[in-house]
Amino acid sequence: MDFEEVLGQVREQLAREKRIAYRLLKRRFQLDDEDIEDLKADLIDAKRLAVDEDGKVLVWVGAAPVSSSMDAVHRYEGYVAQSMGDGIFALFGAPIAHEDHPQRALYAALLMQEESRKQAERLRREKGINFQIRVGVNTGEVVLRSIRKDDLHTDYIPVGYSTNLASRMESLATPGSIVASEYTHKLTEGYFEFKPLGPAQVKGFHKPIHIYEVSGVGPLRTKLQVAARRGLVRFVGRQNEMDQLRRALELATAGHGQIVGVMGEPGVGKSRLFYEFVAAYGRMPQPGQRECLILETFSVSHGKAYPYLPLIELLKNYFQLALHDDERIRREKITGRVLTLDRLAIGTVLRGWALAMQGQHEEGLAQMHEGLTAHRATGTELLRPVYCALLAEVYGKMGQAEEGLKVLTETLTLVNQTGERLWEAELYRLKGTLTLKQSGVRSPESEVNNPQSAIRNPQLEAEACFLKAIDIAQRQQAKSLELRATVSLARLRQQQGRYHEASNLLSEIYNWFTEGFDTVDLQEAKALLKELG
């Protein structure tokens with residue numbers, strides 16, 4: 001049977017039954033499992049029949065593999081009631097009840113779409129095949145008929161009006177979209193963004209039904225936020241609690257940090273209390289009161305599917321990340337916010353370093369010390385090793401190797417105390433570099449107090465520092481820092497006349513890189529390899 005005959009039979013099957021199963025194709029055309037290659041059998045609505053280079057029949061579909069859809073359902077604790085081989089029917093809220101089952105269903109639908117897009121992109125590149133999924137969602141009562149199987153596993157078969165309407169929603173959806181019924185839209189409005197599609201005449205229903213396309217996640221997360229958008233009743237009472245919160249705010253703005261915890265039974269108004277407090281005092285500071293930065297986060301029932309969701313939302317709010325922001329915009333917002341997190345410290349240190357590296361040593365050094373002082377005043381040690389490494393580098397450029405080594409010694413002690421080893425490899429590399437610059441310089445006091453100090457080999461000390469830096473970078477898989485340390489060690493080997501060893505050492509790490517050859521570090525490595533022959 002040639003391809004046209006196979007295609008004709010599949011078209012007839014689709015026209016007659018509106019669907020075709022993989023098992024039927026396998027039986028009718030005598031296909032082995034290997035004939036399907038990496039395509040899954042449990043697929044929806046066959047849309048395309050093709051032949052690959054070896055003449056094998058491939059069936060592709062207008063939906064993602066069923067396994068990905070099932071994973072999305074399980075992530076939000078839904079129940080896959082039926083898996084028909086070419087699609088799934090899932091329930092949220094039964095047999096496991098949740099307070100937010102409509103939201104869970106739409107979150108799962110959006111996750112299905114996201115995963116299908118990733119798979120479609122891969123298959124477009126590898127096979128030249130495109131596909132999209134469509135999802136229908138409805139909310140309502142269902143009748144569950146349980147079936148006890150031989151392995152003591154119970155399946156639930158949903159029947160009734162709601163299941164039929166959900167199926168109709170799926171049939172009304174265009175490929176790549178999610179269509180929800182009017183009641184689902186009413187329950188989840190605000191949590192998600194919808195595009196009204198107007199009334200539609202649905203088979204089996206006398207009156208037209210309003211349907212909506214789910215565009216994405218909306219701006220609201222909690223019931224209180226949704227209620228506030230619709231309009232809250234007047235807040236009455238809780239004056240004592242409001243006074244305690246106000247006093248805590250006054251102490252905090254005066255420089256005395258405060259933590260306030262509110263405990264109570266569900267539904268007594270804890271969230272509403274904070275909402276009213278923020279509205280009264282947070283966003284409208286009283287005369288003489290400093291303006292506060294307000295960051296809000298929340299916990300939701302379906303959030304168990306995402307570890308650290310409250311922390312993630314807190315950071316999103318801090319960096320002012322919006323749902324429609326692409327990756328470039330998100331990076332710009334985060335970078336800008338980080339740089340202004342400690343404006344005086346970070347900005348002053350970096351500006352001073354830039355001035356010093358351009359030759360304005362004294363002015364640059366003064367600004368770096370000013371920034372480091374401001375950084376210590378914040379009480380945090382975060383990123384301090386990085387700033388100190390820049391300071392030591394400036395001292396080396398100014399010919400003050402002794403001062404630079406003092407800074408590095410203090411910083412390495414701090415690293416061992418705090419465990420912040422992000423920049424440890426670079427600290428040891430700089431220590432080796434400054435040790436070489438200090439070669440031949442001995443303090444008179446050290447010769448009097450310790451005569452053996454006069455008998456020191458700076459090259460051996462520097463070599464030990466470079467090797468330690470390389471070892472740390474390799475353990476951290478920090479290839480850029482490993483390259484820097486290797487370049488420094490290779491230069492030392494060059495000075496010692498060990499050219500072949502230096503070349504082999506540097507070639508290994510240099511050849512690891514496949515991009516970024518216009519960067520300063522790789523250009524320096526390339527130039528050194530050329531010198532080494």
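The shown structure was predicted, so the numbers you read here are calculated from the model rather than taken from an experiment.
- In this structure a side-chain-to-backbone donor-acceptor pair under 3.5 Å is present from Gln113 to Ser177.
- A salt bridge links Glu276 to Arg272: at least one charged side-chain nitrogen sits closer than 4.0 Å to a carboxylate oxygen.
- Taking a cutoff of 4.0 Å between a charged side-chain nitrogen and a carboxylate oxygen, Glu402 and Lys406 do not qualify as a salt bridge.
- In this structure, OH in Tyr212 is found 14.0 Å from NZ in Lys195, a value given to the nearest 0.5 Å.
- To the nearest 0.5 Å, atom CD1 of residue Ile294 and atom CZ of residue Phe274 are 12.5 Å apart.
- The list of side-chain hydrogen bond (donor to acceptor under 3.5 Å, both in side chains) pairs with a residue in residues 511-527, not counting sequence neighbours, reads Arg484-Asp521.
- Under the 4.0 Å criterion applied to side-chain N and carboxylate O atoms, Arg429 and Glu426 are assigned as salt-bridge partners.
- Counting all heavy atoms, side chain and backbone alike, Pro102 lies closest to Thr188 at CB-CG2, 3.5 Å.
- A pairwise comparison of heavy atoms in Tyr275 and Ala228 identifies OH-CB, 3.8 Å as the closest pair.
- Every pair passing side-chain hydrogen bond (donor to acceptor under 3.5 Å, both in side chains) that includes a residue from residues 490-509 is listed here, sequence neighbours excluded: Gln459-Gln496, Glu463-Arg493, Arg493-Glu501, Gln494-Glu531, Gln496-Arg498, Arg498-Glu501, His500-Asn504.
- Of the possible donor and acceptor atoms, none in the side chain of Arg421 sits under 3.5 Å from a partner among the backbone N and O of Thr418.
- Between Leu489 and Leu467 the shortest heavy-atom distance is CD2-CD2, 3.7 Å.
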* Residues Val179, Val135; criterion side-chain contact (heavy atoms from CB on, under 4.5 Å); working and verdict -> CA-CA 6 Å; Val179 169; Val135 183; over 6 Å; no
* **Chi angles and distances behind the salt bridge (Lys or Arg N to Asp or Glu O under 4.0 Å) call for Arg331, Glu327** => CA-CA 6 Å; Arg331 287 180 180 274; Glu327 184 177 354; 3.1 Å; yes
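- Taking CD of Gln360 as the reference point, atom CG of Leu365 lies at 13.0 Å (rounded to 0.5 Å).
- Atoms CZ and CD, on Arg75 and Glu115 in that order, are 8.5 Å from each other to the nearest 0.5 Å.
- Rounded to the nearest 0.5 angstrom, Thr222 OG1 and Glu296 CD are separated by 8.5 Å.
- Ring centroid separation for the pair Phe517 and Tyr510 comes in under the 6.0 Å cut-off.
- Among pairs with a residue in residues 225-240, those fulfilling side-chain hydrogen bond (donor to acceptor under 3.5 Å, both in side chains) read Gln239-Asp243, at least two apart in sequence or across chains.
- At least one side-chain heavy atom of Leu273 sits under 4.5 Å from a side-chain heavy atom of Leu245.
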* Could you go step by step and tell me if Tyr387 and Trp353 meet the side-chain contact (heavy atoms from CB on, under 4.5 Å) rule? -> CA-CA 9 Å; Tyr387 305 150; Trp353 174 80; over 6 Å; no
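- Taking all atoms of both residues into account, the shortest heavy-atom contact from Ser215 to Phe194 is OG-C, 4.1 Å.
- Between the CG atom of Asp326 and the CD1 atom of Ile329 there is a distance of 4.0 Å, given to the nearest 0.5 Å.
- Using a 4.5 Å cut-off on side-chain heavy atoms (C-beta onward), Phe192 and Leu220 make no contact.
- Lys468 forms a cation-pi arrangement with Tyr428, by the criterion of a distance under 6.0 Å to the ring centre and an angle within 45° of the ring axis.
- Nearest heavy-atom pair, Ala485 versus Ala469, reported as atom, atom and distance to 0.1 Å: CB-CB, 3.8 Å.
- Using a 4.5 Å cut-off on side-chain heavy atoms (C-beta onward), Phe466 and Thr486 make no contact.
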* To do: Given side-chain contact (heavy atoms from CB on, under 4.5 Å), test Glu313 with Lys316 step by step and report yes or no.
  => CA-CA 5 Å; Glu313 292 296 332; Lys316 283 183 177 179; 4.0 Å; yes
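- Of all heavy-atom pairs between Ala389 and Leu427, the closest is CB-CD2, 3.7 Å.
- At least one donor-acceptor pair under 3.5 Å links the side chain of Lys437 to the backbone N or O of Gly396.
- You'll find the side chain of Asp71 stays beyond 4.5 Å of the side chain of Leu111, heavy atoms only.
- Thr348 has its side chain within reach of Arg351: a pair of non-hydrogen atoms, C-beta onward, lies under 4.5 Å apart.
- Taking 4.5 Å as the limit, every side-chain heavy atom of Ser116 sits out of range of all side-chain heavy atoms of Met112.
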* Worked check of side-chain contact (heavy atoms from CB on, under 4.5 Å) between Gln477 and Glu482 -> CA-CA 8 Å; Gln477 297 185 359; Glu482 181 184 350; over 6 Å; no
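- Between Val487 and Leu506 there is a side-chain heavy-atom pair separated by less than 4.5 Å.
- Between Glu393 and Lys397, none of the side-chain N atoms (NZ, or NE/NH1/NH2) sits under 4.0 Å from a carboxylate O, so this pair counts as no salt bridge.
- A 4.5 Å side-chain heavy-atom check between Met368 and Tyr395 finds every atom pair outside the cut-off.
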